Amino acid sequence: MAKQKPKSKLIKPSTAKLDGKSYYECYYCGGRVNASQAVIKPIALQVAIKDKDEGTTKHVTKYIERPFHLDCLQKYVKERGDIDVMHAENSEWDDVYQYFKREYMKVPAGVSFDKRFPNTKIGDYIANRLLGLRTGQFMPHGTNTRVIKRGYSFKEILNTLKYCKRSVDYARETVEFTDLKHEVNYFMRIVESKIDFIVMRMLKAEEQKNRVDRMLKQDNKMKQPEPKIEYKRKGTGKRKVEF
């Protein structure tokens, strides 16, 4: 018997009143979309299910309906099918996670969180806190963390982590943390307080780069020599004289 596709259950990320009309939060961009104009699409999400009796956690795929703007849905479908984009984001995410692990939590390369901090599952907690930044949430509950425009990009997160390292090092030496989660959340608050500043710096740097590129292109055009026009003489060159 063929497997049946799991039934979707509509979960409204945000329902409120706007000018007397209910609205949703677009899954792709995070902007508001009126309920009457929203396009609903089932999205495959990895959901963690905890077994309290066995003390284990397993991840299963569930199809959950999410609301989109029409143009946002088209972008989402296109980008989800772009393998290069997906691979790039996976690589950038690994850079973010490994930097936090190495520079913030002082776990050496090749050593896992489970080995450094046994029976704490702090690695999973850190991953969820960082992915929460990616989706603009505390933790990414029921939200894909790839190819969406809400929240912050992994490049923006990594640059902010690097910018905040001195503040984090100082906090590690001066603050008494009650446990590992307290330490991680304290570090994340430092990062969250600076990330918008870093995003603006990155945007200005990109604008400056584009401006310089345009100037160089224009300068190269002006320096190009004008094409030579070859003059061709008409006739044989011999002067005819009639008597």
Side-chain angles (χ1 to χ4, degrees), residues 25-33 37 39 66-104 109 126-127 129-138 140 143-171 187-233:
E25 185 178 278
C26 176
Y27 184 71
Y28 180 79
C29 71
R32 294 178 177 180
V33 52
Q37 299 173 338
V39 181
R66 294 301 195 198
F68 292 82
H69 294 101
L70 177 59
D71 57 338
C72 286
L73 176 59
Q74 294 169 343
K75 292 176 184 176
Y76 178 82
V77 172
K78 178 180 182 299
E79 293 177 8
R80 287 288 295 180
D82 191 331
I83 301 300
D84 291 337
V85 172
M86 293 290 291
H87 285 177
E89 282 220 36
N90 288 337
S91 176
E92 290 166 2
W93 157 243
D94 188 59
D95 291 340
V96 167
Y97 184 77
Q98 293 300 330
Y99 188 89
F100 195 100
K101 173 186 172 184
R102 182 180 65 253
E103 302 296 339
Y104 279 39
I126 289 170
R129 290 292 277 116
L130 291 170
L131 290 172
L133 272 180
R134 175 68 186 88
T135 59
Q137 301 169 309
F138 184 80
T143 304
N144 275 331
T145 57
R146 303 293 190 276
V147 199
I148 57 174
K149 298 305 178 188
R150 62 195 299 176
Y152 301 95
S153 72
F154 289 131
K155 286 183 180 179
E156 292 165 346
I157 295 171
L158 180 60
N159 286 340
T160 308
L161 291 179
K162 292 178 179 179
Y163 180 83
C164 294
K165 185 179 181 301
R166 285 188 179 181
S167 298
V168 166
D169 288 341
Y170 180 77
F187 293 165
M188 289 300 296
R189 281 196 293 272
I190 294 174
V191 173
E192 290 163 353
S193 70
K194 296 297 182 182
I195 192 165
D196 285 330
F197 169 71
I198 295 300
V199 170
M200 291 303 300
R201 285 183 57 171
M202 291 175 67
L203 288 173
K204 289 180 179 178
E206 183 66 21
E207 290 173 358
Q208 179 66 21
K209 179 180 179 298
N210 292 337
R211 191 179 300 115
V212 170
D213 289 343
R214 288 194 299 268
M215 291 174 62
L216 288 174
K217 287 181 180 179
Q218 186 64 27
D219 190 48
N220 289 335
K221 285 182 179 180
M222 294 177 65
K223 288 182 178 180
Q224 288 179 357
E226 295 184 3
K228 294 182 179 180
I229 300 175
E230 187 176 343
Y231 176 73
K232 295 182 179 181
R233 297 179 62 183

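Predicted, not measured: the structure shown is a model, and the values here were computed from it. Residue numbers run from 1 in the order of the sequence given.
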Taking side chain to side chain contact (heavy atoms under 4.5 Å, CB included) as the definition, give me every residue that meets it alongside Asp169, ordered by chain and number, with sequence neighbours left out. Lys106, Lys165, Arg172

Answer whether the closest heavy-atom distance between the side chains of Asp196 and Tyr152 falls below 4.5 Å. yes

Using 30° and 60° as the class boundaries, would you call the ring planes of Phe197 and Tyr163 parallel, tilted or perpendicular? tilted

Under 6.0 Å between the ring centres of Phe68 and Tyr27? yes

Tell me whether His69 contacts the main-chain N or O of Arg32 through its side chain, where contact means a donor paired with an acceptor under 3.5 Å. yes

Distance from Ser167 atom OG to Lys194 atom NZ, nearest 0.5 Å? 7.0 Å

Result of checking Leu131, Asn159, Asp95, Leu133 against Phe154 for side-chain contact (heavy atoms from CB on, under 4.5 Å): Leu131

If you define the side chain from C-beta out and look only at heavy atoms, does anything of Met188 sit under 4.5 Å from Leu130? yes

Are Tyr104 and Leu161 close enough that some pair of their side-chain heavy atoms sits under 4.5 Å apart? yes

Residue pair Val191 / Cys164: nearest heavy atoms and the distance that separates them: CA-SG, 3.9 Å

Atom pair CD1 (Ile195) and CD (Glu156), whose distance is rounded to the nearest 0.5 Å: 6.5 Å

Distance from Arg201 atom CZ to Leu203 atom CG, nearest 0.5 Å? 12.0 Å

Glu207 side chain near Met202 side chain, heavy-atom distance below 4.5 Å: no

Is it true that Arg211 and Glu206 make a salt bridge, defined as a side-chain N closer than 4.0 Å to a carboxylate O? no

